[in-house]
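The structure displayed is predicted, hence computed values, not measured ones. Just so it is clear: chains get the letters A, B, ... in the order the sequence lines come, proteins before strands, and each one is counted from 1.
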Amino acid sequence: MDRSLRNLYITLTAGFVALALLLGYWQVVAAGGLQDRAGNPQTIQRERLVDRGRILSADGKVLAASRARRIRGQRVFERVYPQAGLAAHPVGYTSVQEGKTGLESTWNRFLSGSFGTEPLLQRLNLREQRGADVHTHLDTRVQQVAVDALAGQRGAVVALDPHTGGVVAMASAPTFDPNDVAQDFASIRARPGAPLLNRASGGTYPPGSTFKVVTATAALESGLYNPASRFDDTGSFRNTGGPITNFGRRVFGQHTLRQALTNSINTTFARIGATLGAARLGATMSAYGFGERPPVDLPEGEVAVSGRRRDGRLLRNDQPGEDAARIAIGQERLVATPLQMAMVAAAIANEGTVLAPHLMSRITDRGGSNVREQQPEEVGQAASARTARQLTEMMRGVVDEGTGTAAALSGLSVAGKTGTAETGDTGRNQAWFIGFAPAEAPQIAVAVVIEDTTSTGGGVAAPVAGAVMKAALDREG
Amino acid sequence: MTSPRTRELGFLIPAAALGLLGLASVATARADEFDLGPLPAALGVIAVFAVMHVALRLRAPAADPYLLPTVGLLTAIGLIELHRIDPGLAEDQAIWVTVGGAVFLAVLALIPDHHVLERYRYLIGIAGVALLVATMIFGTTINGSKLWIEVGGGQTVQLGELSKVLIVIFLAGYLRDKRELLAIPTRRVLGVPVPPMSALGPVLVFLVAALVLVVALNDFGSGLLFFGAFLAMLYLATGRVAYVGFGLALFAAGAALVYAVVPRIQDRVGGWLTPFDDPAGQGFQLVQSLYALAEGGLLGPGLGRGFLITESGNTVIPALQTDFMFSAVAAELGYIGGLGLLLCYLVMMQRGFAIAIEATDGFSKLLAGGLTAVLALQAFLIVGGVIRLIPLTGVALPFLSYGGSSVVTNFGIVALLLVVSNRTRMPRRTGVQRDLAPDWGVADG
């Protein structure tokens with residue numbers, strides 16, 4: 001009988017080992033996934049007890065903070081957004097029911113104080129459970145100008161510091177008040193114009209003529225062209241697809257590459273695209289960041305990839321057998337986010353070096369010491385410094401005498417490029433402007449898109465860009 | 001050489017210290033001031049264990065020294081967790097622990113030699129079934145199951161708990177008597193070796209009667225426990241895996257039948273297989289249990305620091321203080337604490353089987369093995385249920401779950417195990433100190 005006793009003992013012990021393994025699975029392996037499940041009351045309670053860190057603007061304004069309340073003698077916290085809808089998209093919201101978006105999501109670990117050795121110190125009661133503060137590059141004055149300029153329209157503005165990659169402004173219209181998310185989420189979602197969508201990083205639009213800057217980069221980098229290269233326009237160019245004509249069916253005759261950008265001559269850029277071919281054009285696109293999600297500190301779902309799509313699938317930038325002439329003028333199923341086009345402008349302003357865009361500049365604990373600091377981060381070289389200078393010069397022409405004069409600022413030189421992409425509805429366009437200022441020593445790069453307008457990039461987008469750049473340059477002094 | 005009782009004391013003291021430490025943890029968790037309210041009750045429970053210890057010194061000096069401290073630790077954790085959930089529950093439970101202590105003393109005093117039980121095996125078996133019948137006739141239905149009998153003053157008892165012990169005693173006696181007959185199959189039916197009906201018949205009749213009663217009482221947890229204990233003891237007595245296999249096949253068929261006809265069981269199984277399909281309904285308890293476990297993580301926030309009670313005063317998991325005590329402890333003490341609890345049950349089981357192996361006669365072996373199997377199976381069924389290894393059955397977690405009948409019965413089981421251990425180890429028969437070290441497991445003495 002002793003043998004049977006031993007076998008029974010071993011069998012039951014095996015059962016307990018199974019219990020121990022499964023318990024470890026729930027408590028350690030699967031714990032994170034369970035905690036992230038919507039409606040988990042344990043997570044809700046934990047988050048209510050955390051004095052979440054603030055999100056601050058570069059000019060010292062509070063974008064998000066936590067306010068303490070007492071319920072049945074217990075201190076619980078609720079999130080408040082003093083600037084309401086001003087920077088709702090990049091800041092995001094945190095809600096038990098609706099989850100987290102924007103910076104509230106990206107830097108949650110720091111905001112909730114569960115980074116590094118903090119959880120351990122908090123458990124040992126050596127540290128209060130308080131989150132760290134996230135300092136951003138966002139400037140509420142620039143942001144305010146962008147939001148005001150977009151008011152009543154649908155569109156987005158991105159303003160980048162070309163030398164750091166810092167996001168100085170990121171606005172998307174229509175916007176919403178994140179303070180209402182907890183009570184009123186359904187009604188926000190039901191409003192027209194998808195106010196919850198961050199158009200600046202997640203909205204994809206055909207870039208139209210702003211893409212000619214990318215084509216021009218490829219042309220200059222190829223060594224086959226320089227700004228003075230001569231072209232003869234007959235009003236139409238035909239490659240593999242249908243004929244390509246100019247805006248307003250204009251015929252420009254003899255002109256240089258510089259003039260082709262100033263006047264946004266489709267036929268010339270189509271000709272250049274056909275000459276360069278899809279591979280060379282694709283390589284420049286890749287260098288600017290097309291085809292990859294921009295490495296901005298926003299949740300993946302809020303940042304779209306720019307590039308060419310077919311049936312919802314992203315094509316390779318250098319996909320062979322494509323009509324490079326149409327790609328060159330920003331058509332052929334090509335879409336871009338305002339953030340990506342701002343990166344193009346910023347790269348040219350930064351001697352051709354592409355920097356990763358960042359909203360967060362540093363994270364500090366409540367004592368004020370840095371927990372984390374974001375350094376400028378190079379992600380590619382789209383053009384040589386020489387090419388960047390040539391492009392700047394060409395883009396100055398656009399604002400000085402071409403399609404983008406509405407972006408001009410008194411006493412300052414602005415480099416830019418307009419774009420007007422047709423939506424398919426006759427007379428309805430997506431208006432673009434990308435650019436930077438001052439041209440000789442760039443401080444700010446912007447991209448503006450206005451959806452569904454009867455006007456052009458030069459008509460509606462360029463003035464917005466001008467106002468935003470002015471506000472950005474004013475903030476220094 | 002350290003005597004077993006001194007060794008026992010050496011483990012009881014740290015168990016008591018851990019208990020007081022846990023109580024302090026709860027007391028400092030929320031209140032701004034240190035709450036000394038539960039201290040007298042805690043000292044009272046420690047006194048109960050001290051009395052049990054002294055009683056063992058007088059009545060069973062040679063008994064295993066590890067069982068009582070393990071029980072003490074489990075009782076302490078259970079009381080602290082109950083106090084943390086609702087101080088009133090812990091007060092009730094402390095009274096039941098005291099009653100359990102009294103039963104423990106009574107067993108030591110009245111049954112100096114457990115072999116007396118073998119003589120009355122049929123009487124005891126009939127009493128066991130009679131308790132179930134009584135529950136069926138006079139029982140009150142709570143939560144859909146008829147397990148409780150009102151004894152006046154709103155108090156209820158679960159006679160099924162006691163019936164479990166009586167049936168194990170009966171089986172030990174009966175199987176000891178018939179094991180030779182049962183072990184040698186006389187014929188084969190469909191390739192399955194079958195022992196003579198004269199030996200097997202009464203066991204089967206008895207078992208089916210018990211199971212029918214359990215189904216009539218709508219208590220499937222107990223049914224599973226009875227069945228598991230029966231199979232374990234049949235295996236111990238005969239050493240034949242084939243019987244167990246046959247039993248399990250029978251069980252599978254029975255389970256399929258029950259599943260097909262009892263909606264309550266379909267719900268339970270549904271809630272087990274796909275709890276997240278209906279997290280607010282059928283899967284609610286289990287999902288909340290898993291959430292609490294996940295929140296506990298590796299180390300847990302500490303006793304009294306988990307989120308177990310909502311602002312409106314409800315427990316986050318329904319039946320937290322009974323079925324989900326394991327989840328409550330693992331939520332607050334983390335995986336480390338959960339493993340600790342499992343280890344306590346493993347130690348208890350290891351000592352129980354060690355006592356059985358040390359024992360020199362078949363009845364003692366079957367009795368100790370059967371009682372140990374009941375305790376271990378019970379812990380396995382409920383822990384497995386709350387962590388989703390098996391469907392949830394509402395059996396009590398030994399020594400932790402709120403409920404007097406279970407606590408009192410379990411103290412009786414431990415007392416019986418210690419009586420068996422003492423009888424085996426007493427140097428009385430030969431007059432020479434026997435080698436106390438079992439041939440396996442923890443060396444002792």
Between [Y] and [X], is there a side-chain heavy-atom distance shorter than 4.5 Å?
X      : Y      : value
A/N7   : B/Y235 : yes
B/V316 : A/Q42  : yes
B/E295 : A/Q45  : no

Separation of [Y] [atom2] from [X] [atom1] (nearest 0.5 Å):
X      : Y      : atom1 : atom2 : value
B/R388 : A/W26  : CZ    : CH2   : 5.0 Å
A/L12  : B/F353 : CG    : CZ    : 5.0 Å
B/Q350 : A/Y9   : CD    : OH    : 4.5 Å

Shortest non-hydrogen contact from [X] toward [Y]:
X      : Y      : value
B/Y291 : A/P41  : CD1-CD, 3.6 Å
A/F16  : B/A379 : CZ-CB, 4.0 Å
A/R6   : B/I357 : CG-CD1, 3.9 Å

Non-hydrogen atoms of chain A under 4.5 Å away: do they reach the side chain of [X], the backbone, both or neither?
X      : answer
B/A330 : both
B/R240 : neither
B/L308 : neither

For the OH atom on A/Y25, are there more than 12 heavy atoms of other groups (residues, nucleotides or ligands in this structure) within a distance under 6.0 Å?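 It does not: A/Y25 OH has 12 such atoms or fewer within range.
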Does CZ in A/R54 sit with more than 12 non-hydrogen atoms of other residues, nucleotides or ligands closer than 6.0 Å?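 It does not: A/R54 CZ has 12 such atoms or fewer within range.
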Under 4.5 Å, counting heavy-atom pairs only, tell me which of [options] racks up the most with chain A.
options                        : result
B/G384, B/G334, B/A237         : B/G334
B/G302, B/G239, B/G369, B/A356 : B/A356
B/L339, B/V386, B/T372, B/L346 : B/L346

Using a cut-off of under 4.5 Å on heavy-atom pairs, state which of [options] scores highest against chain B.
options                    : result
A/T11, A/L8, A/L23         : A/L23
A/V29, A/T43, A/L19        : A/L19
A/N40, A/L34, A/V28, A/L22 : A/N40

Is a side-chain N or O of A/Q27 found less than 3.5 angstrom from the main chain of B/Y335, in a donor-acceptor match?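 Side chain of A/Q27 to backbone of B/Y335: a pair is present.
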Do B/L366 and A/M1 pass the side chain to side chain contact (heavy atoms under 4.5 Å, CB included) test, and can you show the C-alpha distance, the side-chain angles, and the key distance before you say yes or no? CA-CA 9 Å; B/L366 278 170; A/M1 207 186 296; 3.9 Å; yes
Considering only heavy atoms, give the residues of residues 275-290 of chain B separated from chain A by less than 4.5 Å, sorted numerically, with 'none' for an empty result.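 Within residues 275-290 of chain B, the residues that come under 4.5 Å of chain A (heavy atoms only) are B/F276, B/Q288, B/L290.
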